[in-house]
Protein chains: 2
Amino acid sequence: MSKARSRRGGGRPTIADVARKAGVGAITVSRALREPGRVSEDLRRQIQAAVDELGYVPDPNARALASARAEVFGVLVPSLTNNVFAEVVRGIYDSLSDSPFRIQIGNTHYSGLEEERLLQVFGSQRPAALIVAGIDQTPSARRLLENAGCPVVQVMETGPDPVDMMVGFSHLDGGRTATEHLLQAGYRKIGFIGARMDPRSQRRLAGYRAAMETAGLFDPRLVTTTPVPSSVSLGRELFRDALAKVPTLDGVFCNNDDIALGVLFECHRASLDVPKQIGIVGFNDLDMMQVSFPSITSVRTHRYEIGTRSVAMALAAIAGNRPEQRIVDLGFELMRRESTAR
Amino acid sequence: MSKARSRRGGGRPTIADVARKAGVGAITVSRALREPGRVSEDLRRQIQAAVDELGYVPDPNARALASARAEVFGVLVPSLTNNVFAEVVRGIYDSLSDSPFRIQIGNTHYSGLEEERLLQVFGSQRPAALIVAGIDQTPSARRLLENAGCPVVQVMETGPDPVDMMVGFSHLDGGRTATEHLLQAGYRKIGFIGARMDPRSQRRLAGYRAAMETAGLFDPRLVTTTPVPSSVSLGRELFRDALAKVPTLDGVFCNNDDIALGVLFECHRASLDVPKQIGIVGFNDLDMMQVSFPSITSVRTHRYEIGTRSVAMALAAIAGNRPEQRIVDLGFELMRRESTAR
DNA sequence: CAGACAAATGGTAGCGCTACCATGACTGGC
DNA sequence: GCCAGTCATGGTAGCGCTACCATTTGTCTG
């Protein structure tokens with residue numbers, strides 16, 4: 001039919017092929033696909049028929065080049081395997097599954113430098129929006145976000161100074177609430193056990209410390225932390241360290257639920273009664289917390305909702321109506337369970 | 001300087017700006033960036049200086065359009081929160097972090113139709129490679145993979161008929177090995193407990209069944225499954241169901257470790273001695289299996305390595321030297337622990 | 001020293017799409 | 001019935017980059 005398929009390109013149908021087949025101009029095909037309302041119903045039908053017949057799929061690269069805007073959401077998280085971020089990402093995916101937007105995830109490995117590098121890479125694509133975990137960007141990363149030319153949502157935490165928008169909650173309040181709960185339950189020698197100690201963990205620790213100081217019970221020897229990535233087995237080890245330091249320990253607030261589970265298992269192993277001798281509180285409230293024996297008190301966080309909400313805000317901003325509320329605090333909920341019921 | 005910044009584009013430096021500043025042709029800049037060996041050292045240095053000074057970052061969309069090939073790895077997994085796939089994805093990310101390739105993850109939600117849709121979307125970008133979980137693509141999805149025009153790696157499982165390449169292991173053998181271990185330990189009324197029951201779970205079940213039939217002990221009432229997504233709490237519930245059906249149950253092979261953990265907790269709650277009254281075997285060997293009390297026997301799978309290996313094979317194929325071994329079986333390892341030590 | 005050949009560089013012409021700016025056909029008000 | 005104001009459609013000119021094909025220079029052969 002055509003006298004010569006162009007040398008490059010895989011011979012896939014282009015918008016020009018569709019236009020020819022439908023007997024319209026290329027630009028009308030483009031419009032029919034992106035702004036159907038601006039094309040008469042007749043032509044729309046013809047074009048759709050041509051699209052179906054040819055199996056035409058628009059080339060997103062050409063689209064991005066021509067419009068100087070890629071239909072991509074850039075998402076930056078510090079870890080892919082940590083269930084917490086996986087849930088946020090799942091929320092983002094589910095919210096975007098019916099939209100034309102693709103998603104590109106970057107793994108910063110909890111490194112500010114890596115975050116900068118990824119922002120550079122992501123920015124070069126002119127993404128439609130950026131969603132980044134945390135509020136502690138390096139100055140250079142912050143500048144990249146400010147100049148990204150697209151909506152930016154910082155997630156997981158709230159803070160006073162958003163680049164653009166924020167969805168999260170106060171980790172400091174979460175830590176304080178968890179610790180106050182232990183205090184109210186009558187525990188006194190309450191330890192803090194934390195792994196990784198990223199900025200959010202630091203703020204949970206700060207909340208713990210505030211509560212303990214208010215009660216006049218803070219003692220630095222009660223705090224056991226490590227920069228090592230969190231795991232259940234690490235929770236067990238850290239708990240043993242903590243007990244070695246302070247044998248009279250009668251409660252622990254754990255950085256997260258993996259650590260808490262490790263503590264519980266070690267209590268079983270050492271025949272320490274939970275909650276009688278040791279009270280345990282976790283953070284995030286993973287599904288297993290309510291099932292364990294005994295079930296474990298934890299601070300429930302709304303991770304999936306953080307993902308869906310951040311997308312909703314970004315989409316609104318893209319559509320031109322930026323939410324008037326730029327900082328959304330989704331809060332948390334203390335789930336009281338057997339591990340602190342004494 | 002330039003008489004008029006083009007109306008479109010964000011005013012970011014382009015390859016022409018770099019070329020002008022370095023006093024060379026645009027194409028030479030392009031080469032210096034992509035095939036440094038073909039440009040003299042002098043020019044390379046000049047060009048690098050211009051790139052640094054201008055802060056030039058190539059536009060991946062323009063690059064993809066011009067070269068009919070995007071530097072993107074498309075990755076299709078059925079779930080983002082399931083730790084198993086998260087580990088595979090982490091391996092992929094780590095292997096690709098120093099390469100120019102970006103990664104795009106698609107979440108199929110265990111749906112063949114969704115997989116087809118995503119393959120369509122991914123294919124429209126002309127990705128550099130595709131990595132897909134599983135070997136049970138729909139005929140239409142399989143056709144899309146065959147016509148993708150790029151290396152394809154099917155991961156998680158091995159099978160007889162790869163689209164292109166495969167990295168995984170035999171879930172059937174894994175299930176059989178786990179069950180045989182329980183039999184050797186002296187358990188007789190061994191149940192199978194499974195959630196989600198995707199094709200891989202089905203094959204683990206088939207392995208269980210094969211082992212039980214060989215021993216002359218298979219009984220359909222020993223099998224308890226549900227299509228519901230897996231979780232620790234579900235494991236607990238399914239175990240109660242299984243016990244209600246067969247009160248003399250003395251062992252369980254669990255679909256995965258979440259289920260196994262749920263079973264363990266229910267045993268604690270019901271004061272069933274593990275391993276004396278009930279033997280438990282999990283699948284995947286998550287970190288917590290070795291820490292739990294008692295520790296849980298599990299089939300260790302090499303998820304991270306599946307990710308790294310699949311990338312290595314794809315990169316080799318892109319570089320033009322397709323591995324001669326197109327099917328790589330990474331095997332598994334039975335980790336014997338307290339939960340079956342009677 | 002002519003001719004052949006490789007290495008280094010550049011010019012031109014798109015890749016497939018959309019922004020921008022016409023154009024023509026209507027509609028409605030006075 | 002004329003003019004402004006819509007609406008539907010199309011043409012043209014790029015977006016920023018690279019494939020392809022020169023062109024130039026230097027090096028080697030006989």
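All chains are named by letter (A, B, ...) in the order of the sequence lines, taking the proteins before the strands, and each is independently numbered beginning at 1.
Rounded to an integer number of Å, the gap from CG of B:L33 to C1' of D:dG16 is 13 Å. Spacing between atom CG of A:L65 and atom P of C:dT18 amounts to 11 Å, rounded to whole angstrom units. Distance A:R126 CZ to D:dC15 P: 11 Å, rounded to the nearest Å. Residue A:E71 contributes atom CD, which lies 12 Å from atom C1' of C:dT18 at whole-angstrom precision. Between B:R34 atom CZ and D:dG16 atom C1' the separation is 13 Å, expressed in whole Å. Following rounding to the nearest Å, A:I15 (CD1) and C:dA19 (P) show an atom-to-atom distance of 11 Å.
In this structure the side chain of B:V84 reaches within 4.5 angstrom of the side chain of B:M156, judged on heavy atoms. The closest side-chain heavy-atom distance from B:I27 to B:R31 is below 4.5 Å. Residues A:D164 and A:L130 fail the side-chain proximity criterion, which asks for heavy atoms closer than 4.5 Å. Between A:I318 and A:F73, the closest side-chain pair of non-hydrogen atoms falls below 4.5 Å. Contact check for A:E71 versus A:S99: no side-chain heavy atoms found under the 4.5 Å cut-off.
Between A:P13 and the choices A:L54, A:V57, A:V51, the side chain to side chain contact (heavy atoms under 4.5 Å, CB included) rule is met once, by A:L54.
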Please list, pair by pair, any protein nitrogen or oxygen found under 3.5 Å from a nitrogen or oxygen in nucleotides 4-11 of chain C.
from: C:dT9; atom 1: OP1; to: B:S40; atom 2: OG; distance (Å): 2.9
from: C:dT9; atom 1: OP2; to: B:S40; atom 2: N; distance (Å): 2.8
from: C:dT9; atom 1: OP2; to: B:S40; atom 2: OG; distance (Å): 3.3
from: C:dG10; atom 1: OP2; to: B:G25; atom 2: N; distance (Å): 2.9
from: C:dG10; atom 1: OP2; to: B:T28; atom 2: OG1; distance (Å): 2.5
from: C:dG10; atom 1: N7; to: B:R31; atom 2: NH2; distance (Å): 3.0

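Evaluation of the side chain to side chain contact (heavy atoms under 4.5 Å, CB included) rule for B:N107 yields A:Y93, B:L80, B:H109 as partners, not counting sequence neighbours. Residues that satisfy the side-chain hydrogen bond (donor to acceptor under 3.5 Å, both in side chains) test with A:Q48, not counting sequence neighbours, are A:D52.
Applying the 4.0 Å criterion to OP1 and OP2 of C:dC17, one finds that A:R69 has every side-chain N and O outside that range.
Listed by residue number, the members of residues 50-63 of chain A with any heavy atom below 4.0 angstrom from DNA chain C are A:Y56, A:P58, A:D59, A:A62, A:R63.
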Inset, instruction - List the steps and the verdict of salt bridge (Lys or Arg N to Asp or Glu O under 4.0 Å) for A:R90 and A:E87. - result: CA-CA 5 Å; A:R90 186 170 67 90; A:E87 283 284 340; 2.9 Å; yes
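Sorted by first and then second residue, the side-chain hydrogen bond (donor to acceptor under 3.5 Å, both in side chains) pairs with a member in residues 54-64 of chain A form an empty list; sequence neighbours excluded.
Over its full length, the helix from C:dC1-D:dG30 to C:dC30-D:dG1 turns its helical axis through 30°, comparing axes from the five pairs at each end and rounding to 10°.
We find the OG1-CG distance between B:T28 and B:L43 to be 6.5 Å, quoted to the nearest 0.5 Å.
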